[in-house]
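Please read all numbers here as calculations on a predicted model, not as lab measurements.
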Amino acid sequence: MSSLINFLNPKLKPSVESDAVCEDGYTAANLIADDAEQLERGFMCFAVCKPPVEVVFDFPKAVDMKVIKLWPSCGALRSTAFELHGRHDGIWERVAFVRDLGVGVDSVTFCYQSDYNSRSSSNSATASGQPQSEKVFFFKSAHKILSSTNSVKVVIRATERCPPVLRKVQMWGLPARSLDKADRELVKTIWSEISDPYGQRDAVQANQGQRSPPRHVPELRELSTLTIPEEFLDSITWELMIFPTVLPSGKVVDQSTIDKHSEEEAKWGRQPSDPFTGLEYTAQRKAILNLALKARIEKFLMEHSEHFKAVPRSLGSSRLRRRHASQFASSTCLPGQISPAAGTYSALSNAYKQQQRKSRATATATSSTAGFGGHSPPAAKRARHSHHGTACATVTASSASTSTTTSTSATSSSTIDQAIQQALQKITRFSQVGTVTNSTPACCINCRSGQFSYEIRTCRHLVCRECLVLLSQTQVCVCKASFRGADVERYHKLDP
């Protein structure tokens, strides 16, 4: 089975819309956002909204949908029932549903029963008391609908005494067979650039001819009776570890075992996860290379080298160590996103040093020009013979230091001003007193009441909560100006 494609990646140009009134900054567009901070917010309806709430995803080309994964919780808020609908010949038909999700369910995975991997680690996650993913199978008639569809609708049917929420959505599949071969190859090419932007995966496969990094495991001699300590053996394959890595579950396995498990998970449209618990890697929950254990393994091999057929001088070069120590930072990101690799701090330090050198050079040139008019200072020589020369040199030095301080302070002030302006652009705007002119009364544009709470940015009109719900159905203001949910923001009245 070839690797699946996440068609909700923003670079594949999907679109999303919802008819519900959302909280400020928690619109449905967050589910397909390119910004990581916006993507983490998720989708959240307004407090007065009740289910059912529909979220419709559209794709530019037909998709053969295989796996759909939903994350129903957002903090303490949880949605407990979902329905999936696919559009076939212009008609929406239900393809799957789930109800009464448990408290410990972190995600819901919809897939075909024939494609379900029976070796899933959901049982181990349940036994350990950690959040698990619940598996739900599509209907038998879903293949006819989802094999070539341009739209998928997610319906939130029930919540746990809270507004409808949806933290994250992923839809994995392949280009539909009804597409032209050129279109299918174009989608696969775009996805390969997203998942492997530098072509490292193809280069490794071409040079090494295998999926995982090579493991030059020393072999024991035929007549050897040496017993290898159990802590040096992989917890899954029970082989001698070369790159021992500690998983979030506490188990220690070799790096090649994690690579093989991640490749198998990618075939089913799942992100890299812990083989024992099934939990995906995050910035706080990730695998870490155990350098202390690696050093002990190398010492053990060198001390008992006579029991092995061949023992290398070092089990791994510094380049491989740096790659394995930092690769899990990049594996926790979504496809297409570049995460900070090892050595980022040193790169920033070098950039900071270069910036400091440029500022010093500019300050030195400015001070020399201001103090000596662009010529070499002859006052330094005359200062040795007369008090007048000493005074001139002192004044010149003081003026140079003053100009240096002035230029440095001016540069710092401009840098601070730019940083303040950038920070102010990201802060939520609050309407100030006096923004409403005399010609525009400070009241709701529809019911003319003074209890307004929102502002439509396209036409700058104020509306109350009840009128906003009515206008959102047609997305047209009283002044006949059209708007979207993202164009509505909260208006804060400040007392003068």
Side-chain angles (χ1 to χ4, degrees), residues 8 10 14-33 35 38-59 68-87 92 94-99 101 107-108 110 151-171 428 444-447 451-459 461-478 481-491:
L8 291 187
S15 61
V16 61
E17 60 180 3
S18 176
D19 56 351
V21 180
C22 307
E23 283 283 355
D24 295 342
Y26 293 89
T27 60
N30 293 345
L31 300 175
I32 59 172
D35 184 26
Q38 187 177 357
L39 187 65
E40 291 178 358
R41 295 179 186 175
F43 169 73
M44 182 187 302
C45 295
F46 196 67
V48 298
C49 293
K50 302 296 181 182
V53 172
E54 299 180 354
V55 183
V56 181
F57 298 91
D58 295 323
F59 312 105
I68 298 178
K69 192 169 184 180
L70 308 177
W71 281 261
S73 61
C74 185
L77 309 180
R78 285 195 321 112
S79 300
T80 58
F82 293 92
E83 287 186 2
L84 296 183
H85 296 256
R87 180 180 290 176
W92 289 105
R94 190 171 67 169
V95 296
F97 72 93
V98 63
R99 298 175 182 172
L101 293 176
S107 61
V108 183
F110 297 88
S151 301
V152 174
K153 179 168 61 177
V154 179
V155 183
I156 304 176
R157 282 292 179 182
T159 61
E160 193 178 57
R161 297 180 181 179
C162 65
V165 295
L166 190 58
R167 178 160 57 94
K168 189 167 59 172
V169 181
Q170 292 180 356
M171 296 187 180
T428 304
C444 176
I445 188 63
N446 190 26
C447 62
Q451 302 297 329
F452 54 87
S453 301
Y454 296 90
E455 179 184 3
I456 302 175
R457 291 188 297 177
T458 55
C459 57
H461 284 151
L462 306 177
V463 292
C464 60
R465 184 183 302 172
E466 291 77 8
C467 296
L468 178 61
V469 175
L470 297 177
L471 296 177
S472 298
Q473 298 178 359
T474 58
Q475 293 187 350
V476 177
C477 183
V478 178
S482 59
F483 65 92
R484 299 179 302 172
D487 298 331
V488 180
E489 67 176 7
R490 226 175 250 264
Y491 185 88

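The line from NE2 of His85 to CZ of Phe97 is 10.5 Å long, rounded to the nearest 0.5 Å. Expressed to the nearest 0.5 Å, how far CZ of Arg490 lies from CD of Glu23 amounts to 6.0 Å. Here the CD-CD1 distance, from Glu455 to Ile445, works out to 12.0 Å after rounding to the nearest 0.5 Å. To the nearest 0.5 angstrom, Ile456 atom CD1 is 9.0 Å from Leu462 atom CG. Within the model, atoms CD1 of Ile156 and CD of Glu83 stand 11.5 Å from one another, a figure rounded to the nearest 0.5 Å. With rounding to the nearest 0.5 angstrom, the CG atom of Asn30 is 13.5 Å from the NZ atom of Lys168.
Nearest heavy atom pair, residue Phe483 against residue Thr458, reads CB-OG1, 3.7 Å. In terms of heavy-atom proximity, Leu31 sits nearest to Leu39 at O-CD1, 3.7 Å. Of all heavy-atom pairs between Pro164 and Val53, the closest is CG-CG2, 3.5 Å. Annotation for Phe43 and Thr27: closest pair CD1-C, 3.8 Å, computed over non-hydrogen atoms. Shown here for Pro52 and Val155, the closest heavy-atom pair between the two residues is CB-CG1, 4.0 Å. When every heavy atom of Cys447 is checked against every heavy atom of Cys464, the shortest pair comes out as SG-SG, 3.7 Å.
Counting non-hydrogen atoms of neighbouring residues, nucleotides and ligands closer than 6.0 angstrom, the CD atom of Glu17 reaches no more than 12 such neighbours.
For the salt bridge (charged side-chain N to carboxylate O under 4.0 Å, His left out) test, no residue two or more places apart in sequence or in another chain qualifies with Arg99. Residues meeting the side-chain hydrogen bond (donor to acceptor under 3.5 Å, both in side chains) test with Ser107, sequence neighbours left out: Ser133. For Arg465, the side-chain hydrogen bond (donor to acceptor under 3.5 Å, both in side chains) criterion is met by no residue, not counting sequence neighbours. Considering only residues two or more places apart in sequence or on other chains, Ser151 meets the side-chain hydrogen bond (donor to acceptor under 3.5 Å, both in side chains) condition with Asp58. In this structure Glu54 satisfies the salt bridge (charged side-chain N to carboxylate O under 4.0 Å, His left out) test together with Lys153, sequence neighbours excluded.
Checking side-chain atoms of Arg457 against main-chain N and O of Ala486 turns up a donor-acceptor pair under 3.5 Å.
Using a 4.5 Å heavy-atom cutoff, the side chains of Phe59 and Val152 are in contact. Residues Phe46 and Val469 have side chains not in contact (no heavy-atom distance under 4.5 Å, counting atoms from C-beta outward).
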Distance-only criterion, 3.5 Å: show the donor-acceptor pairs between side-chain atoms of residues 72-82 and protein atoms not counting sequence neighbours.
from: Arg78; atom 1: NH1; to: Gly102; atom 2: O; distance (Å): 3.1
from: Arg78; atom 1: NH2; to: Glu160; atom 2: OE2; distance (Å): 3.0
from: Ser79; atom 1: OG; to: Val165; atom 2: N; distance (Å): 3.2
from: Ser79; atom 1: OG; to: Val165; atom 2: O; distance (Å): 2.8
from: Thr80; atom 1: OG1; to: Ala158; atom 2: O; distance (Å): 3.4

List the steps and the verdict of side chain to side chain contact (heavy atoms under 4.5 Å, CB included) for Met171 and Leu84.
CA-CA 12 Å; Met171 296 187 180; Leu84 296 183; 5.8 Å; no

